[in-house]
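Encoded as structure tokens, the structure appears first; notes follow it.
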2 protein chains.
Amino acid sequence: MATNDGHGENSSYFDGWKAYDSNPFHPTDNPEGVIQMGLAENTLCLDLIQEWIKNNPKASICTEEGVSEFKNIANFQDYHGLPEFREAVAKFMGEVRGGRIDFDPDRIVMSGGATGAAEIMAFCLADPGDAFLVPTPYYPAFDRDLRWRTGIRLLPIQCKSSNHFKITQTALESAYEIAQQANIRVKGVMVANPSNPLGTALDRETLKTLVSFINAKRIHLICDEIFAGTVFKEPHFVGISEILEDYPKEDPNRDRSLIHITYSLSKDLGLPGFRVGVVYSYNDAVVRCARRMSSFGLVSSQTQYLLAYMLSDGEFTTKLIEEIRRRLSKRHEFFTSRLAKVGIQCLESNAGLFCWMDLRHLLKEFTVEGELELWRMIINDVKLNVSPGSSFHCSEPGWFRVCFANMDDETMEIALRRIESFVRRTKEAAVKARKKWCQRSGLRLSLPRKFEDMATITSSLMSPRSPLVPATTSALVV
Amino acid sequence: MATNDGHGENSSYFDGWKAYDSNPFHPTDNPEGVIQMGLAENTLCLDLIQEWIKNNPKASICTEEGVSEFKNIANFQDYHGLPEFREAVAKFMGEVRGGRIDFDPDRIVMSGGATGAAEIMAFCLADPGDAFLVPTPYYPAFDRDLRWRTGIRLLPIQCKSSNHFKITQTALESAYEIAQQANIRVKGVMVANPSNPLGTALDRETLKTLVSFINAKRIHLICDEIFAGTVFKEPHFVGISEILEDYPKEDPNRDRSLIHITYSLSKDLGLPGFRVGVVYSYNDAVVRCARRMSSFGLVSSQTQYLLAYMLSDGEFTTKLIEEIRRRLSKRHEFFTSRLAKVGIQCLESNAGLFCWMDLRHLLKEFTVEGELELWRMIINDVKLNVSPGSSFHCSEPGWFRVCFANMDDETMEIALRRIESFVRRTKEAAVKARKKWCQRSGLRLSLPRKFEDMATITSSLMSPRSPLVPATTSALVV
């Protein structure tokens with residue numbers, strides 16, 4: 001593997017990171033640098049966690065209050081994990097789901113972040129050459145996590161903007177059919193709920209469609225719920241566990257042995273450095289196997305100990321979960337409304353740390369190449385690292401994922417101003433181009449007073465050939 | 001994989017752990033329980049680390065002195081790791097090797113313990129079906145770490161007690177030859193230096209034999225040096241890096257691109273809970289690939305931060321390394337000399353957290369079954385969890401690995417008394433059996449005054465059929 005390129009780090013998703021890495025924005029040291037909007041991080045509530053840490057020195061084995069536990073904990077390597085840790089994580093997973101579901105601590109299996117959790121699922125459930133179906137657009141690193149070392153394949157379930165990228169029965173059947181025709185054994189469906197990059201949580205109907213589908217085919221359903229705690233707007237989050245409760249006891253769809261969840265504290269709590277991943281399976285054989293595999297990516301016992309304390313403090317976690325939602329909602333509202341003012345729409349969403357931004361009207365051509373050209377402009381001229389839809393295997397060009405929860409208010413303001421200025425420049429260039437065109441063709445030019453409004457209204461009329469030339473001149477020629 | 005048994009957890013090595021788990025010794029709560037001598041843990045110096053932690057609150061992001069760094073560190077997820085961490089680990093690796101070698105921080109790749117490091121090596125260097133050659137006896141969990149998910153094979157390099165289990169040119173060639181005849185592609189040799197379970201560090205000559213061999217075959221050499229810091233007796237530890245320096249600049253054997261090291265802080269520092277594994281390769285492509293793979297088992301940033309502080313405190317690490325050696329040496333000397341007094345010899349060793357105990361004279365029969373029968377007696381009657389040689393793929397029955405650094409002095413004393421009492425009972429039973437035999441056959445019985453001496457001298461004469469019946473009666477019949 002050291003000599004091949006299966007990792008997928010050469011996609012534009014990672015290229016954007018490299019552009020950021022070589023010239024990172026800093027408010028005083030490098031104010032012209034690239035602002036990182038390509039990283040789905042949640043830093044909005046770390047101050048609350050930091051405050052809790054300060055007030056709870058017993059939670060650490062490195063404080064005077066906790067150091068007497070150092071020897072025991074440093075030496076603890078049972079792959080079941082500290083019982084208190086598993087209990088606290090199970091409790092927290094329930095809380096994030098509104099307390100409507102109980103999770104069994106004995107089914108909590110540790111992994112090296114969600115990255116490790118996804119790979120463990122693939123190793124447990126599929127053999128090399130087998131496939132999982134994954135709705136598009138999907139998280140680019142699934143290609144690394146699920147495929148790279150396991151040798152399994154990911155086959156797209158094609159979702160479209162025309163119905164808000166929903167997963168339909170037809171799309172599921174079609175993906176399955178294609179696999180069968182290619183003689184590929186499908187072992188499961190992997191969905192992210194809420195979706196990364198869409199920022200939308202799955203509704204009950206879609207989840208039930210999935211459950212029926214995988215039961216009909218006798219394949220597995222893996223729900224990546226690592227953004228469960230980021231659902232900041234109604235409808236509230238509905239996890240797969242809750243759906244299973246909906247079925248009457250005798251309904252075969254209630255069978256849980258095909259259902260598995262991956263979870264993590266990286267996104268919901270903004271603790272990616274701690275590498276806390278979880279595999280939660282309703283299948284005993286999978287729990288057993290996953291636990292054995294967890295030896296390759298156990299959570300540091302130092303970190304287990306701290307989180308066991310923190311997540312078992314119910315008063316704190318209740319407040320924290322609420323506050324995370326409140327701040328995410330506020331930031332999302334602020335960001336999307338400012339974008340709307342300059343004519344940029346995002347897919348309507350209720351979760352996640354990002355927006356799925358629609359820039360189709362700015363494409364020169366409706367191709368992946370057109371999308372990447374615009375993306376390079378955004379990276380190099382606007383100096384924002386956003387991620388192009390093609391890197392998420394999106395089937396339609398012109399969509400971009402923009403992360404909004406990994407920066408402070410000041411940086412967000414600068415990012416927004418850059419976007420506003422970019423749109424303004426783009427429009428001015430369009431006006432110039434039109435003027436030239438009109439002068440050349442002897443037509444009189446008349447512009448509406450509020451150019452912005454026009455631009456918004458006519459955005460869908462823009463030529464697929466160039467962001468600078470509208471498709472029709474009807475609004476310009478009086 | 002969830003439905004097959006490739007993990008290998010059903011070997012007797014792990015069975016012993018289960019016996020311990022179901023009835024663990026405790027000095028007051030369960031004084032008749034099983035004492036754990038099957039776990040290569042190093043708890044002898046944790047008091048020193050704990051003391052350092054107490055005196056250095058700035059090293060933790062959870063103390064008043066360090067909490068201001070909490071946000072940055074909790075959010076840090078670069079797979080290169082904290083630069084300070086990599087530097088401190090590189091420095092420490094050099095110190096453990098007597099400061100004779102410099103390690104490059106940019107070649108330090110993190111992994112989920114040595115478990116993850118070994119697997120990364122296998123994934124990087126071999127394809128499914130390829131093989132690594134491994135000298136026997138070897139660490140049982142190599143089967144899990146190197147084979148289970150990668151699909152590679154391990155082929156034994158047969159080492160024998162007749163030359164103290166040394167790795168010879170002949171044994172290497174023979175293992176390679178067998179692979180070739182079976183049409184298996186050999187991609188490398190994996191050696192543990194110091195060896196687990198032997199407790200012996202490789203000498204310069206053996207290391208050079210290995211370097212010549214892998215260069216001649218153009219295959220890789222992976223040195224698992226996770227016990228480097230446990231060499232408690234002369235000759236001092238010589239790592240593979242030091243050997244490479246020995247060759248003249250123009251010597252092709254000096255080529256480093258085939259050389260890789262795995263390391264960990266679990267054994268040398270007794271911190272297995274912290275899950276700090278390291279892949280150190282001299283091959284750039286391997287470093288790159290391994291780093292990408294490290295995403296599946298990064299070290300918690302909380303733990304990186306703490307260790308960066310601790311391992312960069314040179315005054316402390318110098319003292320710590322010395323004291324670890326001193327205490328291990330003392331414990332080893334105490335343990336082996338007490339064993340010797342009751343006629344039990346161990347392979348002469350200078351490293352590790354265990355002895356390779358020779359119980360061949362106690363076997364009823366010289367087979368794996370005979371070994372396991374004795375082992376079950378030790379587990380169930382003597383109530384010590386030791387590990388039978390067959391679980392280490394040893395080619396000769398009768399050897400057992402006994403760990404001595406994972407318990408306090410009091411528990412060690414109890415363990416030794418149990419062994420002493422076991423040997424006494426065994427001898428008494430032997431005497432009875434002999435008496436009976438003599439009475440039956442009408443011979444007069446005469447025992448030497450110092451029965452212990454005799455048992456020691458005649459151990460090699462014991463019948464392979466039973467520990468109770470000596471092979472000859474010459475010493476008994478006057």
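All figures in this text were calculated on a predicted structure; none of them were measured in a lab. So that the names make sense, note that chain A is the first sequence line, chain B the second, and so on, each numbered from 1.
- Proximity of Leu271(A) to Asn75(B): side-chain heavy atoms (C-beta onward) are nowhere separated by under 4.5 Å.
- Residue Phe274(A) comes nearest to Gln302(B) through the heavy atom pair CE1-CB, 3.7 Å, listed as atom of the first residue, atom of the second, then distance.
- A distance of 8.0 Å separates OG of Ser295(B) from CH2 of Trp148(A), quoted to the nearest 0.5 Å.
- Taking both residues in full, the closest heavy atoms of Phe70(B) and Leu46(A) are given as CE2-CD2, 4.4 Å, listed atom of the first, atom of the second, then distance.
- Contact annotation: the side chain of Arg144(A) approaches that of Phe296(B) to within less than 4.5 Å [non-hydrogen atoms, C-beta and beyond].
- Heavy atoms of Phe76(A) lying under 4.5 Å from chain B belong exclusively to its backbone.
- Counting heavy-atom pairs under 4.5 Å between each of Thr150(A), Thr115(A), Ile120(A) and chain B puts Thr115(A) at the top.
- Ser300(A) and Ser300(B) form no side-chain donor-acceptor contact under 3.5 Å, judged by distance and modelled atom types alone.
- The main-chain N or O of Lys71(A) is found under 3.5 Å from a side-chain atom of Gln50(B) such that the two form a donor-acceptor pair.
- Both the backbone and the side chain of Arg149(A) have a heavy atom closer than 4.5 Å to some heavy atom of chain B.
- A heavy-atom distance below 4.5 Å is found between the side chains of Gln77(A) and Glu41(B).
- For chain B, the option among Gly112(A), Cys124(A), Pro272(A) with the highest count of heavy-atom pairs below 4.5 Å is Pro272(A).
- Here Leu298(A) is the residue among Val286(A), Leu298(A), Asn406(A), Asp78(A) with the most heavy-atom pairs under 4.5 Å with chain B.
- Only the backbone of Val299(A) has a heavy atom closer than 4.5 Å to any heavy atom of chain B.
- Contact check for Ser60(B) versus Ser60(A): side-chain heavy atoms found under the 4.5 Å cut-off.
- Ile53(A) and Ile61(B) make their closest contact through CG2-O, 4.0 Å (heavy atoms, listed as atom of the first residue, atom of the second, distance).
- Comparing Ala117(B), Ala74(B), Gly116(B), Ser301(B) by heavy-atom pairs within less than 4.5 Å of chain A, the highest count is held by Ala74(B).
- In terms of non-hydrogen atom pairs under 4.5 Å with chain B, the most contact-rich of Ile73(A), Leu125(A), Leu306(A) is Leu306(A).
- For the pair Met1(B) and Arg292(A), the minimum side-chain heavy-atom distance is 4.5 Å or more.
- Heavy-atom distances place no part of Asn56(B) under 4.5 Å from chain A, backbone and side chain included.
- Of all heavy-atom pairs between Thr303(A) and Thr303(B), the closest is OG1-OG1, 4.3 Å.
- When the shell of 6.0 Å around CD of Glu64(B) is examined, it contains 12 or fewer heavy atoms from other residues, nucleotides or ligands.
- Within the 4.5 angstrom heavy-atom criterion, no atom of Asn283(A) approaches chain B.
- No other option in Ala114(A), Gly297(A), Gly277(A), Ser68(A) has as many heavy-atom pairs under 4.5 Å with chain B as Ser68(A).
- Ranked by heavy-atom pairs shorter than 4.5 Å toward chain B, the options Asp127(A), Asp47(A), Leu269(A), Val287(A) are led by Asp47(A).
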